[in-house]
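These notes are about the structure you will find just below.
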Amino acid sequence: MSAVELPGIERDAVTRWLAEHGVPAPVEFSLVSGGRSNLTYRVADADGVVHALRRPPTGGVLSTAHDMSREWRFISALHGTGVPVPAPLGYCEDTEVTGAAFYVMDFVDGIVLADRSSVAPMPLPVRHRAGMATVECMAALHNLDPDAAGLGDVARRDGYLQRQLRRWQKQVHVSGAPDLALLDQVHDVLVANVPEQTTGIVHGDFRPGNLSYGLDGEVLAVFDWELATLGEPLADLGWLIATWEEPGDDLPAVTPGPTAEGGFPTREDLIARYAELTRRDLSDLPFHVAFQRWRSCCITAGVRARYQAGHMGDDGYDATARADTEQRQAELAWQAVKDLGLA
């Protein structure tokens, strides 16, 4: 596909905007594969410098989702802190430029552990370091004072899980996804048993597939801040644990990932390191793992509905095959709440 035909990019208008922000023409664009929500493009300028551009899907955008201004605010605020993020370059709120708001940042060239094949460049000792660096980076984020980071007014400081449950329940229903009865049952049980909240900066999708690693296993950058807010930090840890596969697992993780390939720390290792660094009470962590299994079903059902409607770039996502996985995850979420004695 030529750059002119790239969905979501008005080549001439975006090139002019980039030139006004110090990015010299001519500029070459390419879609970065792997994004299933907001779209990410590689932008190479006339000097050979590479940037990344983020914008919402070309259609099927749900209310409150795909907020470019939110992503921009978080990476701008966190740049220069102990949480590694790409250096921000510029934000465009003028939807006339390319049909939606977008922002541009540095392109961080590292290893993104998006799937099992992505771990090939990492020897076993480096994989272990990458796993520990992942949870250490999460702990650094959760240990930040939102006010000191300039994010104290980005959201309410209470009711995070109630809002999350309400939001994903609403969005999965308006997405057009079918067969939601079991998800509705799990939702109702979770709502009735929400634990007391603590408050910190929450990423919302913190996992190896949204991080870039060096060849030494250290985290170079954290990406995909579209779900970031103030809320319960244990929700982030619950998501990481729900996505963290170990070799020989009987139950599938919420999404296939690289950690089943061996060499990575165990879930218990991650939990212990997080507890050491944050000193948080983790007694409610099982609730958050159950919540995140349910949330995963809502997200993937919505993504599948958008792909089937033709609103996302074609990167090989098999929307039909994903339906069976969603059903299995809904069943696992229901089993989790029963194991907690909540149903």
Side-chain angles (χ1 to χ4, degrees), residues 1-46 49-76 85-108 154 167-168 170-177 204-205 210 223-229 298-317 319:
M1 178 180 291
S2 70
V4 174
E5 300 169 335
L6 200 61
I9 294 292
E10 294 292 336
R11 180 182 176 86
D12 293 342
V14 176
T15 298
R16 287 194 296 271
W17 185 92
L18 288 169
E20 293 169 359
H21 290 78
V23 179
V27 178
E28 294 298 326
F29 302 91
S30 57
L31 181 65
V32 177
S33 64
R36 306 214 186 278
S37 183
N38 289 326
L39 301 175
T40 306
Y41 303 85
R42 185 180 187 273
V43 181
D45 69 23
V49 178
V50 180
H51 312 276
L53 183 152
R54 290 268 288 174
R55 60 148 291 159
T58 56
V61 176
L62 300 173
S63 174
T64 77
H66 318 293
D67 186 346
M68 293 294 96
S69 65
R70 176 176 293 266
E71 288 201 25
W72 173 253
R73 180 169 182 185
F74 272 87
I75 68 166
S76 298
V85 294
L89 186 148
Y91 172 69
C92 178
E93 62 182 356
D94 182 0
T95 60
E96 295 298 316
V97 175
T98 194
F102 65 90
Y103 70 89
V104 180
M105 58 188 172
D106 279 357
F107 191 96
V108 179
V154 75
R167 172 188 181 181
W168 293 110
K170 177 182 178 181
Q171 290 195 355
V172 75
H173 274 271
V174 302
S175 71
D205 193 11
N210 282 332
F223 304 128
D224 291 5
W225 292 89
E226 67 173 296
L227 302 177
T229 188
C298 295
I299 293 172
T300 54
V303 170
R304 175 166 57 95
R306 292 200 299 278
Y307 267 89
Q308 290 177 328
H311 295 317
M312 296 292 286
D314 182 7
D315 64 357
Y317 181 85

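Side chains included, hydrogens not; waters and symmetry mates left out as well; all remaining heavy atoms used.
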First locate atom [atom1] of [X], then atom [atom2] of [Y], and finally report the distance between them rounded to the nearest 0.5 Å.
X: D205; Y: N210; atom1: CG; atom2: CG; answer: 4.5 Å
X: R73; Y: Y103; atom1: CZ; atom2: OH; answer: 15.0 Å
X: R55; Y: M68; atom1: CZ; atom2: CE; answer: 9.0 Å
X: W72; Y: F102; atom1: CH2; atom2: CZ; answer: 11.0 Å

Are side-chain heavy atoms of [X] and [Y] found at a separation under 4.5 Å?
X: W17; Y: V23; answer: no
X: P57; Y: N38; answer: yes
X: H51; Y: L18; answer: no
X: V50; Y: R42; answer: yes
X: L31; Y: I9; answer: no
X: I299; Y: Q171; answer: no

Closest non-hydrogen atom pair between [X] and [Y], with its separation:
X: I75; Y: W225; result: CG2-CD1, 3.4 Å
X: T15; Y: A25; result: CG2-CB, 3.7 Å
X: T40; Y: A52; result: CG2-CB, 4.5 Å
X: F223; Y: V108; result: CZ-CB, 4.0 Å
X: L227; Y: R167; result: CD2-NH2, 3.6 Å

Worked verdict on V14 versus L53 for side chain to side chain contact (heavy atoms under 4.5 Å, CB included): CA-CA 10 Å; V14 176; L53 183 152; 3.8 Å; yes
Run the side-chain donor-acceptor check on residues 86-96: report pairs under 3.5 Å with partners two or more places apart or on a different chain.
unit_1	atom_1	unit_2	atom_2	d
D94	OD1	E96	N	2.9

Flag, side chain of R11 to backbone of V27, donor-acceptor distance under 3.5 Å: yes
Sidechain-backbone polar pair: T229 side chain, V154 backbone, donor-acceptor under 3.5 Å: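 No; zero donor-acceptor contacts below 3.5 Å.
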Partner residues of D106 under the salt bridge (charged side-chain N to carboxylate O under 4.0 Å, His left out) criterion, sequence neighbours left out: none
